[in-house]
2 protein chains.
Amino acid sequence: MVTIKDIADRAGVSFSTVSKALRDSPLVQNKTKQHILSIAKEMGYQPNLAARSLVSRKSGAIGVVWPSIERAALSSLITKINEQLEKKGYITLLSISHLESAIEIFRRYQVDAILVFGDRDSISSFSSISPLQIPILTYGAAGYTPFSTVDVNRGQAVRLAVRHLARLGHKDIAYIGEPQTQDPLQTVKIEAFRDEIVQLGLQARDNAVLQMNGLEFHDGYLAARAMLEQTPRPTAVISGGIDLTRGILRAIGEHGLSVPHDVSVVSYDNLPQMEDIGVPMTVVGVAIATITAHITTAILELIDQPESLKTVYLEPELVVRASTSHLNND
Amino acid sequence: MVTIKDIADRAGVSFSTVSKALRDSPLVQNKTKQHILSIAKEMGYQPNLAARSLVSRKSGAIGVVWPSIERAALSSLITKINEQLEKKGYITLLSISHLESAIEIFRRYQVDAILVFGDRDSISSFSSISPLQIPILTYGAAGYTPFSTVDVNRGQAVRLAVRHLARLGHKDIAYIGEPQTQDPLQTVKIEAFRDEIVQLGLQARDNAVLQMNGLEFHDGYLAARAMLEQTPRPTAVISGGIDLTRGILRAIGEHGLSVPHDVSVVSYDNLPQMEDIGVPMTVVGVAIATITAHITTAILELIDQPESLKTVYLEPELVVRASTSHLNND
DNA sequence: ATCATAAATAACAACGTTGTTAATTTGATT
DNA sequence: AATCAAATTAACAACGTTGTTATTTATGAT
């Protein structure tokens with residue numbers, strides 16, 4: 001492994017000058033700086049993070065706790081965050097262990113900050129975390145943790161969807177999303193749905209919220225099949241997430257119906273790929289890029305001011321595309 | 001952060017004695033060792049990995065490249081490997097970036113070894129990796145890489161399944177798995193299936209291998225529905241993986257049929273959870289614990305002997321449970 | 001040419017560990 | 001009680017980097 005001393009020898013300068021040159025310090029002449037830089041490149045120099053970390057007392061690493069690795073929905077979030085932090089010179093350590101052991105490992109590794117994705121499991125164990133020096137940011141767990149947090153106003157997103165459909169004349173709206181779970185991220189959406197239906201004086205049928213067991217393609221598919229057999233059939237449906245939406249579209253297609261002519265569909269999850277999953281989808285939610293940007297910023301701020309407590313609550317938007325239309329009265 | 005010097009002060013010994021005591025060196029008296037240990041524990045000492053890494057020239061980290069984070073099938077593999085390596089004092093850095101950038105990061109972080117899960121993407125970029133000092137182990141890419149590798153004899157697994165069903169009297173066997181992909185991990189199974197059918201002189205119907213687009217629950221479900229409508233209906237089916245199997249069982253159930261009475265099912269993937277997904281499944285494959293044990297061992301060996309080239313080819317087994325039975329001639 | 005000053009570079013200490021070598025203490029042997 | 005070896009502990013150098021301080025070199029005014 002080539003070190004700054006090797007470069008120094010080759011360049012005929014002292015190693016401290018090399019160090020400064022590599023960090024682009026103004027204390028070293030431009031000419032020598034260029035010279036050193038080219039030698040470093042030629043030799044394939046890579047800084048030793050351990051040494052740097054030792055002296056700077058920062059690891060340059062950020063721990064991401066992601067206990068439920070199966071949930072693919074979050075994967076684009078992680079990928080983006082990973083990318084953005086990398087640009088800022090941080091490496092992300094992804095841990096799939098449970099919260100407690102993940103934090104234990106991160107502590108030993110002396111990460112500069114920890115990002116926790118809130119879900120059933122982690123939320124319940126937040127309380128058991130003994131205070132530590134490492135700043136923690138949680139996502140999707142507002143109100144459930146004593147730590148800094150970035151979150152999305154999920155209830156508001158669903159309300160936007162209901163209002164949009166109501167404005168288009170729809171009165172009989174169904175919601176497909178996980179109802180029987182303890183996951184507060186899901187229940188808040190369903191509660192908002194029920195409440196907004198009442199607020200707007202719309203039809204509040206008993207089975208407006210479809211029963212299901214998960215948030216995956218097949219769950220959406222089955223729930224949509226059940227929904228389509230109801231009489232009268234709902235004229236619009238709100239989906240709780242992208243995977244569900246895919247299943248719903250499949251079921252509608254197999255049933256010989258078309259979107260939005262026969263059924264309008266609004267989906268939660270404001271992702272780029274929502275534009276090309278068959279029908280360009282009308283969606284509600286905070287754009288993924290917005291979420292990741294806020295998370296990244298918040299983490300970096302937290303590293304600068306470890307004692308501060310930030311709470312960011314992102315407001316969702318409605319993006320109207322081709323999957324919703326005025327109610328057909330034929 | 002408490003260091004060995006802090007402990008030394010408190011214990012009234014030199015910091016080098018503390019270092020030795022903590023590493024359980026025989027060079028320090030048992031009495032003082034206990035004393036130091038108790039103080040360290042009391043103060044909540046955590047070794048500084050950066051410092052240790054600097055002097056030992058090892059990072060104690062192993063990079064895992066997992067580009068297709070969506071594939072949930074591998075998640076239990078990773079979790080187990082993570083666990084085992086942790087026991088050996090290693091931390092695993094999981095990277096969801098593509099192979100090249102993942103390796104770049106790992107190089108900078110000076111991981112002691114890199115584990116790459118082979119898939120479409122990574123296999124094609126293996127060739128572009130410039131030689132580096134860090135040993136690489138690949139999984140599921142035997143024959144496609146110049147690196148050490150642990151792999152499963154997938155073809156043999158499918159052959160075992162066919163033979164088992166043939167022995168039970170089945171002559172009309174279908175295979176549900178991804179046929180139209182470039183993924184060599186899948187095609188090798190299908191080729192083995194076709195070949196073994198011929199070898200045993202069984203019925204080789206045209207549509208024995210079902211068309212499908214993926215390896216998830218819903219893909220299996222749809223393929224199984226299609227299969228059940230064929231006349232004559234196959235009396236047995238081999239599934240290409242656990243998620244598919246779940247979908248297949250669902251479809252069979254919805255069709256009013258029962259396993260194994262009406263249809264025998266053998267599934268690829270020898271996982272513990274195969275015992276309780278409705279019907280206890282007859283499976284073929286290498287037990288997940290065996291795979292992870294071999295991967296872990298291989299990585300540790302590779303760290304010890306970076307220059308060596310190991311190739312481990314694991315032979316699958318047949319585990320007979322309740323999802324297969326003799327052919328019914330009623 | 002001489003000196004003050006600024007610019008550029010070199011030297012040094014520190015970060016927290018580990019492994020090696022030196023110093024001290026202990027205990028047995030005479 | 002003196003000696004020597006063994007056991008125990010302390011001191012030191014090193015790992016590769018950064019930040020601070022000291023030294024050298026160049027620049028300009030007198």
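Below, chains carry the letters A, B, ... as their sequence lines are ordered, and counting in each starts from 1.
A side chain to side chain contact (heavy atoms under 4.5 Å, CB included) with B:Thr296 is found for exactly one of B:Val150, B:Leu85, B:Leu137, namely B:Leu85.
In terms of phosphate contacts, A:Ser14 brings no side-chain nitrogen or oxygen within less than 4.0 Å of OP1 or OP2 of C:dT9. Taking only side-chain nitrogens and oxygens, A:Ser16 never comes nearer than 4.0 Å to OP1 or OP2 of C:dA11. The side chain of B:Arg57 places an N or O atom within less than 4.0 Å of a non-bridging phosphate oxygen (OP1 or OP2) of D:dG16. Close to C:dA10, at under 4.0 Å from its OP1 or OP2, lies a side-chain N or O of A:Thr17.
Contacts of B:Val55 with the nucleic acid, taken as non-hydrogen atoms under 4.0 Å apart, include base atoms. In this structure, A:Leu27 reaches the bases: a heavy-atom distance under 4.0 Å links it to at least one base atom across the strands shown. Within the 4.0 angstrom heavy-atom criterion, no nucleotide atom of any strand lies near B:Ser53. Counting any heavy atom pair closer than 4.0 Å across all strands shown, A:Ser56 reaches no nucleic acid atom.
If you measure from atom CG of A:Asn48 to atom C1' of D:dA14, you get 13 Å, rounded to the nearest angstrom. Protein atom NZ of A:Lys20 is 12 Å distant from nucleotide atom P of C:dA11, rounded to whole Å. Look at CG on A:Asp24: it is 13 Å from P on D:dT18, rounded to the nearest Å. Taking atom CD1 of B:Ile4 as the reference point, atom C1' of C:dG16 lies 6 Å away to the nearest angstrom. Between B:Arg52 atom CZ and C:dT18 atom P the separation is 5 Å, expressed in whole Å. Distance B:Lys58 NZ to D:dG16 C1': 18 Å, rounded to the nearest Å. Between B:Gln110 atom CD and D:dT17 atom C1' the separation is 12 Å, expressed in whole Å. Rounded to whole angstrom, the span from the CG atom of B:Leu49 across to the C1' atom of C:dG16 amounts to 11 Å.
For A:Thr292 and A:Gln84, the side-chain atoms include at least one donor-acceptor pair closer than 3.5 Å.
Of the listed nucleotides (C:dC15, D:dT17, C:dT18), C:dT18 has the atom at the smallest distance from the side chain of B:Arg23.
In terms of position on DNA chain D, the residue among B:Gln29 and B:Leu54 whose nearest nucleotide sits closer to the 5' end is B:Gln29. Comparing A:Phe15 and B:Gln46 along DNA chain C, the residue whose closest nucleotide (by nearest heavy atom) sits nearer the 5' end is A:Phe15.
Remark: side-chain polar atoms of B:Thr290 are not paired, donor with acceptor, to backbone N or O of B:Val286 under 3.5 angstrom. Of the possible donor and acceptor atoms, one in the side chain of A:Ser148 sits under 3.5 Å from a partner among the backbone N and O of A:Lys310.
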Would A:Ser14 and A:Thr17 count as a side-chain hydrogen bond (donor to acceptor under 3.5 Å, both in side chains) if you check the C-alpha gap in whole Å, the side-chain angles of each, and the deciding distance to 0.1 Å?
CA-CA 5 Å; A:Ser14 77; A:Thr17 302; 3.1 Å; yes
